[in-house]
Amino acid sequence: MWQSGGTPSRSNKSYYGGNIPWLKTGDLNDGLITNIPEGITEEAVTNSSAKINPTGSVLMAMYGATIGKLGILTFPATTNQACCACIEYYAITQYYLFYFLLSHRDIFIAKGGGGAQPNISKEIIVNTAIPLPPLPEQERIIIEIERWFAFIDEIEQNKTDLQFIIKKTKSKILDLAIHGKLVPQDPNDEPASELLKRINPSAKITCDNAHYTFKVPTGWIMCKLGEICALENGYAFSSDDYKQQGIPLVRISNISDNTINLNGCVFVKKEVDDRFIVKNGDLLIALSGATTGKMGVYENENIAYLNQRVGNLKIKKNVLLPEYRNYYMFSQIEKILKLAYGGAQPNISSKIICELQFLLPPLMEQKRIVQKIEELYSYFDNIQKALEA
C-alpha cells in the first residue's frame, strides 16, 4: 500500500522542531535512510496530511530535481508531500520492490510532466506493472543484485585507488627528474655552469657543488630561479576596460589543470607594454587568492594580455627549455603554496618565487629528461583515459 506525505503549515512554529523525523526528498540517498535532520511534532501530524511511515517503508520522490530518487526507512518517519511511501507489501519483499523501482527510474522520469518542475503522480507509480516471481526467487534475485553491486563498488574503488597511484607516480617522476635521477648523465654534455655564463659572461661560475648536503648530479649547478628566469607581473586593468571583443585577458580564473582556458574570458582593446603580452608557450602563475601557485601553459597561437596578480615566467636567453621549466615549476606548486602569506587571502610576491633554488641540468640533459617524462606520462595518461571511458 502506498501513501503520500504532507507538509505541515510553516506559519505554525509549534509544528516544527519535534521528535518525529520529517524527511524531505533531498534526504533520499538511494539506500538505507539512517539520518533525517528535521523533525515535526505530534500536533503537526494530527493537524496535517503528514503520516508516520513504519520502519522498512520504501520511499520515492515524486517531483522536482530529485524525481525518482529512493530510500528505505530504518526507523519510523514522516515525509513531505513530494515523497510517497510503500508501507505494506503483499507477495513482494521490500528490497525486490526497491531494486525494481531503481531499475525503472529513467522510465518514471520520462513520464514526469510539469515542464520546469517534473512530477509523477502516486497513481502512475501504483499502476506500474511489475514482474512478480515467487518469494524465494525474489530473495535469490536480491542476493545476486547485491553481489554484482558489491563487485561494481570494488571496481570503482580500485579505479579511484589507481587514479591516486597514477597521480603520486607522476609526482615521483618529476621529483626524480629535477634531481638528476630519471636519465643518466653524459660527461660530454656542456655543463650547466656554461649556460649561466651566457647570461652573465663576466661572472665566475663553476660547478663547485661540494658544499651542498645532497649530491648534485655531474654537470648540474644550483642557482636561483631569478638567475635564469624573470617573472613579469600583469597589468592592473580596470573593469571599465573589459569589452565583448578584442584581445583576451588572462586572469587567475583562466588558469586550470596546468593550462590556460579562455572560455568565458573578458577582452581588452587598449594597447599595453610588451611585457604584459602573453604568447604561445608562456608559463603563467597565480600570485594570489585561494589558488595561489597554480600554473598553466598558454597554448593559443594568438596573443593575450596578462592581468594583475598573474605572473609570466620568462626564460633568460637560451639556458632553459620551456618544457623543462614547466615540469620543474609544476613540481614546485606545493612549495610555493607553503611560501604564500597573507592569512585569509594567500599571496606570494615575484621576489619570493625568484628566490627559489633551481637545480639546473645541462641543456642536452634537459632534452633527455623532457623526452623521458613525456614518454612515461603518455603511458599513464592512456591508463587514465581507459579508467574514465
Side-chain angles (χ1 to χ4, degrees), residues 29-31 102-103 105-106 144-186 214 217 220 250 252-264 280-286 290-301 313 315 320-338 356 358-389:
N29 60 4
D30 287 336
L102 187 63
S103 70
R105 172 176 291 165
D106 290 344
E144 192 66 11
I145 289 173
E146 292 182 344
R147 183 177 75 85
W148 281 104
F149 275 14
F151 180 62
I152 291 169
D153 289 343
E154 183 178 355
I155 291 174
E156 290 298 323
Q157 184 58 54
N158 288 340
K159 286 172 62 175
T160 301
D161 293 343
L162 185 53
Q163 288 170 336
F164 177 77
I165 291 171
I166 288 174
K167 182 178 179 180
K168 296 293 288 185
T169 302
K170 282 187 169 183
S171 178
K172 184 62 177 178
I173 288 170
L174 287 186
D175 185 65
L176 293 173
I178 65 174
H179 289 93
K181 298 178 180 179
L182 190 63
V183 299
Q185 280 76 54
D186 186 340
F214 56 90
W220 293 44
V250 178
I252 290 177
S253 58
N254 298 116
I255 306 176
S256 175
D257 296 328
N258 293 343
T259 189
I260 306 300
N261 186 346
L262 294 179
N263 291 337
N280 187 4
D282 284 349
L283 177 65
L284 309 182
I285 306 174
T291 54
T292 296
K294 73 174 179 177
M295 304 180 196
V297 179
Y298 186 72
E299 297 177 324
N300 197 308
E301 292 299 328
L313 191 65
I315 298 168
L320 193 61
L321 293 180
E323 297 84 359
Y324 186 83
R325 170 204 59 188
N326 299 345
Y327 286 127
Y328 189 96
M329 293 306 297
F330 291 157
S331 75
Q332 303 298 300
I333 291 177
E334 289 188 9
K335 181 184 290 186
I336 291 173
L337 187 55
K338 288 179 181 178
L356 288 174
F358 194 105
L359 193 53
L360 182 67
L363 199 58
M364 292 304 297
E365 189 167 349
Q366 292 179 37
K367 293 180 180 179
R368 295 194 298 272
I369 290 172
V370 168
Q371 183 179 3
K372 190 64 176 179
I373 290 175
E374 292 179 347
E375 175 189 330
L376 294 172
Y377 271 28
S378 176
Y379 173 75
F380 289 112
D381 287 343
N382 288 335
I383 297 177
Q384 187 79 35
K385 289 176 183 176
L387 291 174
E388 295 171 354

### Summary
One should read off an interatomic distance between Leu283 CG and Met329 CE, to the nearest 0.5 angstrom, of 6.5 Å
### Query
Going from NZ on Lys338 to CD on Glu334, what distance comes out if it is rounded to the nearest 0.5 angstrom?
6.5 Å
### Task
Take Leu376 and Thr169 through the side-chain contact (heavy atoms from CB on, under 4.5 Å) test and state the conclusion after the steps.
CA-CA 10 Å; Leu376 294 172; Thr169 302; over 6 Å; no
#### Entry: Flag side-chain contact, heavy atom, 4.5 Å: Asp186 against Met364
no
### Query
Between CZ of Phe330 and CZ of Arg325, what distance do you get to the nearest 0.5 Å?
8.5 Å
### Task
Run through Leu360, Leu363, Ile315, Ile369 and flag the one making a side chain to side chain contact (heavy atoms under 4.5 Å, CB included) with Tyr324.
Ile369
### Query
In chain order, what residues pass the salt bridge (charged side-chain N to carboxylate O under 4.0 Å, His left out) check against Asp30, with sequence neighbours excluded?
Arg105
#### Entry: Validation row: Thr291, Ile255 side chains within 4.5 angstrom (heavy atoms)
no
### Message
Quick check: closest heavy atoms across Gly180 and Pro217, and the distance to 0.1 Å?
### Response
CA-CG, 3.8 Å
### Pairwise salt bridge (charged side-chain N to carboxylate O under 4.0 Å, His left out) hits with a residue in residues 379-389, at least two apart
Lys170-Asp381
### Task
Sequence neighbours left out, what passes ring pair (Phe, Tyr, Trp, His ring centres under 6.0 Å) with Tyr328? Give chain and number order.
Phe358
### Message
Applying side-chain contact (heavy atoms from CB on, under 4.5 Å), can you list everything that pairs with Leu262, at least two apart in sequence or on another chain?
### Response
Pro248, Val250, Ile260, Cys265, Tyr298, Asn300
### Query
Quick one: side-chain hydrogen bond (donor to acceptor under 3.5 Å, both in side chains) partners of Asn382, sequence neighbours excluded?
none
### Query
Under the side-chain contact (heavy atoms from CB on, under 4.5 Å) criterion, do Met295 and Leu313 qualify, and how do the steps go?
CA-CA 10 Å; Met295 304 180 196; Leu313 191 65; over 6 Å; no
### Task
Evaluate the side-chain proximity of Ile373 to Ile173: yes if any heavy-atom separation is below 4.5 Å, no if none is.
yes
## Note on the structure
Across all chains, not counting sequence neighbours, the side-chain contact (heavy atoms from CB on, under 4.5 Å) partners of Asp175 are Lys172, His179
### Summary
All heavy atoms of Ala286 vs all of Ile252, minimum pair found to be CB-CG2, 4.0 Å
#### Entry: Set of ring pair (Phe, Tyr, Trp, His ring centres under 6.0 Å) partners for Phe151, sequence neighbours left out
Trp148
### Task
Taking the side chain as every heavy atom from C-beta outward, state whether Gln332 and Ile178 have any pair of such atoms under 4.5 Å apart.
yes
### Separation of Lys294 NZ from Asn258 CG (nearest 0.5 Å)
10.5 Å
### Task
List in chain and number order the residues that pass salt bridge (charged side-chain N to carboxylate O under 4.0 Å, His left out) with Glu299, two or more places apart in sequence or in another chain; answer none if no residue qualifies.
none
### Message
Nearest 0.5 Å, please: how far is OG in Ser253 from CG in Asn263?
### Response
11.0 Å
### Message
I need the Glu365 CD to Leu182 CG distance, nearest 0.5 Å.
### Response
9.5 Å
### Task
Using side-chain contact (heavy atoms from CB on, under 4.5 Å) as the criterion, list what pairs up with Glu301, not counting sequence neighbours.
Asn280
### Task
Just grab all the side chain to side chain donor-acceptor pair (under 3.5 Å) pairs involving residues 366-379, residues at least two apart or on different chains.
Asp189-Arg368
## Note on the structure
Taking every heavy atom of Trp220 against every heavy atom of Pro362, the minimum-distance pair comes out as CD1-CD, 3.6 Å
### Message
Could you go through Leu387 and Ile166, starting from their C-alpha distance and side-chain angles, then the distance that decides it, and tell me whether this counts as side-chain contact (heavy atoms from CB on, under 4.5 Å)?
### Response
CA-CA 11 Å; Leu387 291 174; Ile166 288 174; 4.3 Å; yes
### Task
Can you run down the salt bridge (charged side-chain N to carboxylate O under 4.0 Å, His left out) pairs that involve residues 150-160, sequence neighbours left out, and say none if there aren't any?
Glu156-Lys159
## Note on the structure
For Asn29, the side-chain hydrogen bond (donor to acceptor under 3.5 Å, both in side chains) test, sequence neighbours excluded, returns none
